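Note sheet for the following structure.
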Amino acid sequence: MFDISSQALLAQLLVGLINGCFYAVLSMGLAIIFGLLNIINFAHGAQFMVAAFLAWIGFTQLPLLLGADFKINFWAALVLAPLIVGGLGILLEKTLLKRLYHLDHLYGLLLTFGVALVLEGAFRNFYGISGASYDPPALLQGGMDLGFMFLPVYRAFVVVASLLICAVTWFLFERTKLGALLRAGTENPKLLQAFGVNIPLMITLTYGFGVALAGIAGVLAAPIMQINPLMGANLLNIVFAVVVIGGLGSIMGAILTGLALGLLEGLTKVFYPEASTVVVFVVMAVVLLARPAGMFGKEA
């Protein structure tokens, strides 16, 4: 069980760190949406998937439709796909979700779960479930020989970019006037609205931003994961567990827990692979028994 080479251990830790980066960015978006809007966004995984498909379609399908010289490269997709997915999220909030704010959380969960099924079904109908590949940009191809392991450049980029996104988002929501207004809006929206703050617009843009974070993660994941309609659904259960462990609505909890559980999952794959698919849920059960509000959540 413990006869593991250092190269294999470090390689799995790298895979775990990369998975942890995706968990952190996705769960951060979920935490923002739930913490500020009290919406359980079950469509988060499908929105992640849509962004990955948009990147792939822009690079491989548009040239076939519009001409060989017209394609959207990775860097453009990294900006455009999250904006498009965030815009679709804003449309969803303005047309459907806003009607459910005064109802039980279960209605929002069921609505977003239905949206996820519609999106997954639509992409499965057009593109099947076999999956598609997406090459990293030329600038990030190849790797670096670190002596003890070979590090692909793109995977190193994903780690750095994800950590930067997490840091900027945390600073925006926890250390700026805008973040203070958003937090105040969740606690006493009527008072804040009396001071002239447009609460409905703030709620809409917050949901769009949380969805755009899923879009960023989707584009970053496209060159690493096989792009298929179920790629988001496969991650969503783990991401929800990350949010619960970190504390519902806690941005810092989502970031730290996502990274930690990714590394733990990688270590488990090295020493006891059979448990790697359940270790996150075992941790969730233990944390909920000891601290029902999560590691960083506030007790009611």
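A quick note: this is a predicted structure, and the numbers were derived from the prediction, not measured.
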- [ ] Output the distance between atom CG (Leu37) and atom CD1 (Ile203), rounded to the nearest 0.5 Å.
- [x] 5.5 Å
Task: Close side-chain approach of Gln226 and Met231, heavy atoms under 4.5 Å - done: no
Task: Side-chain donor or acceptor of Thr169 paired with backbone N/O of Cys166 under 3.5 Å - done: no
Open item on the list: Could you measure the distance from the CE atom of Met202 to the OG1 atom of Thr204? Nearest 0.5 Å is fine.
Closed with: 10.0 Å
Task: Leu91 reachable from Leu54 in the ILVMFWY side-chain graph, under 4.5 Å edges - done: no
Open item on the list: Using 0.5 Å steps for rounding, measure from the CD1 atom of Ile57 to the NZ atom of Lys71.
Closed with: 15.0 Å
Task: Donor-acceptor contact below 3.5 Å, side chain His44 vs main chain Leu236 - done: no
- [ ] Give a yes or no on whether Ile238 and Val286 share a hydrophobic cluster (residues Ile, Leu, Val, Met, Phe, Trp, Tyr; joining criterion: side-chain heavy atoms under 4.5 Å apart).
- [x] no
Task: Linked hydrophobic residues, Leu205 as query - side chain contacts closer than 4.5 Å - done: Ile90, Leu201
- [ ] Measure the spacing between CD of Glu93 and CG of Leu100 and express it to the nearest 0.5 Å.
- [x] 10.0 Å
TODO: Kindly give the heavy-atom pair with the smallest separation between Ile72 and Ala76, and that separation in Å.
DONE: CG2-CB, 3.6 Å
Open item on the list: What's the separation between atom CD1 in Ile18 and atom CG in Leu220, rounded to the nearest 0.5 Å?
Closed with: 11.0 Å
Open item on the list: Does any part of the side chain of Gln141, heavy atoms only, come nearer than 4.5 Å to the side chain of Val153, both counted from C-beta?
Closed with: no
TODO: Let me see the working for Asn41 and Gln47 under side chain to side chain contact (heavy atoms under 4.5 Å, CB included), right down to the final yes or no.
DONE: CA-CA 10 Å; Asn41 186 35; Gln47 290 157 341; 3.2 Å; yes
TODO: Indicate yes or no: at least one non-hydrogen side-chain atom of Ile39 is less than 4.5 angstrom from one of Tyr101.
DONE: yes
Open item on the list: Walk me through whether Leu235 and Met225 qualify under side chain to side chain contact (heavy atoms under 4.5 Å, CB included).
Closed with: CA-CA 11 Å; Leu235 280 177; Met225 301 180 180; 3.8 Å; yes
- [ ] Please step through side chain to side chain contact (heavy atoms under 4.5 Å, CB included) for the pair Tyr272 and Val279, ending with a clear verdict.
- [x] CA-CA 10 Å; Tyr272 192 36; Val279 64; over 6 Å; no
Open item on the list: Classify the ring geometry of Tyr154 against Phe157: parallel below 30°, tilted from 30° to 60°, perpendicular beyond 60°.
Closed with: tilted
- [ ] Give me the one residue out of Phe240, Tyr107, Phe42 that meets ring-ring contact (aromatic ring centres under 6.0 Å, His included) with Phe113.
- [x] Phe42
Open item on the list: If hydrophobic clusters are built from ILVMFWY residues whose side chains come within less than 4.5 Å, do Val79 and Val219 share one?
Closed with: no
Open item on the list: Quick check: do Leu26 and Leu30 have side-chain heavy atoms less than 4.5 Å from each other?
Closed with: no
Open item on the list: Within the structure provided, determine whether Lys269 and Thr277 are in side-chain contact (heavy-atom separation under 4.5 Å).
Closed with: no
Open item on the list: For Leu178 and Phe173: C-alpha separation, side-chain torsions, deciding distance, then whether side chain to side chain contact (heavy atoms under 4.5 Å, CB included) applies.
Closed with: CA-CA 7 Å; Leu178 174 62; Phe173 281 87; over 6 Å; no
Open item on the list: Could you see if Trp56 belongs to whatever hydrophobic cluster contains Leu83? Use Ile, Leu, Val, Met, Phe, Trp, Tyr and a side-chain cutoff under 4.5 Å.
Closed with: no
TODO: Would you indicate whether the side-chain heavy atoms of Leu96 and Leu111 approach each other to under 4.5 Å?
DONE: yes
Task: Closest approach of Ala43 to Ala116 (non-hydrogen atoms, all atoms of both residues) - done: CA-CB, 3.9 Å
Open item on the list: If hydrophobic clusters are built from ILVMFWY residues whose side chains come within less than 4.5 Å, do Leu151 and Leu139 share one?
Closed with: yes
Task: Taking every non-hydrogen atom, the tightest pair across Ala217 and Val25 - done: CB-CG1, 4.0 Å
Using residues 124-137 as the side-chain source, report each donor-acceptor pair under 3.5 Å to any protein atom, sequence neighbours left out, with the distance given to one decimal.
none

Task: Separation between CG of Asn198 and CD of Gln193, rounded to the nearest 0.5 Å - done: 7.0 Å
Open item on the list: Are the side chains of Leu9 and Leu267 in contact, using a 4.5 Å heavy-atom criterion?
Closed with: yes
Which side-chain N or O atoms in residues 245-266 pair as donor and acceptor under 3.5 Å with protein atoms at least two apart or in another chain?
{"from": "Ser250", "atom 1": "OG", "to": "Gly253", "atom 2": "N", "distance (Å)": "2.9"}
{"from": "Thr257", "atom 1": "OG1", "to": "Gly253", "atom 2": "O", "distance (Å)": "2.6"}
{"from": "Glu265", "atom 1": "OE1", "to": "Tyr23", "atom 2": "OH", "distance (Å)": "2.8"}
{"from": "Glu265", "atom 1": "OE2", "to": "Tyr23", "atom 2": "OH", "distance (Å)": "3.4"}

- [ ] For Ala51 and Ala81, work out which heavy atoms get closest and say how close.
- [x] O-CB, 3.9 Å
TODO: Would you check if Leu119 and Val50 make a side-chain contact, meaning some heavy-atom pair closer than 4.5 Å?
DONE: yes
Task: Flag, side chain of Ser276 to backbone of Pro273, donor-acceptor distance under 3.5 Å - done: yes
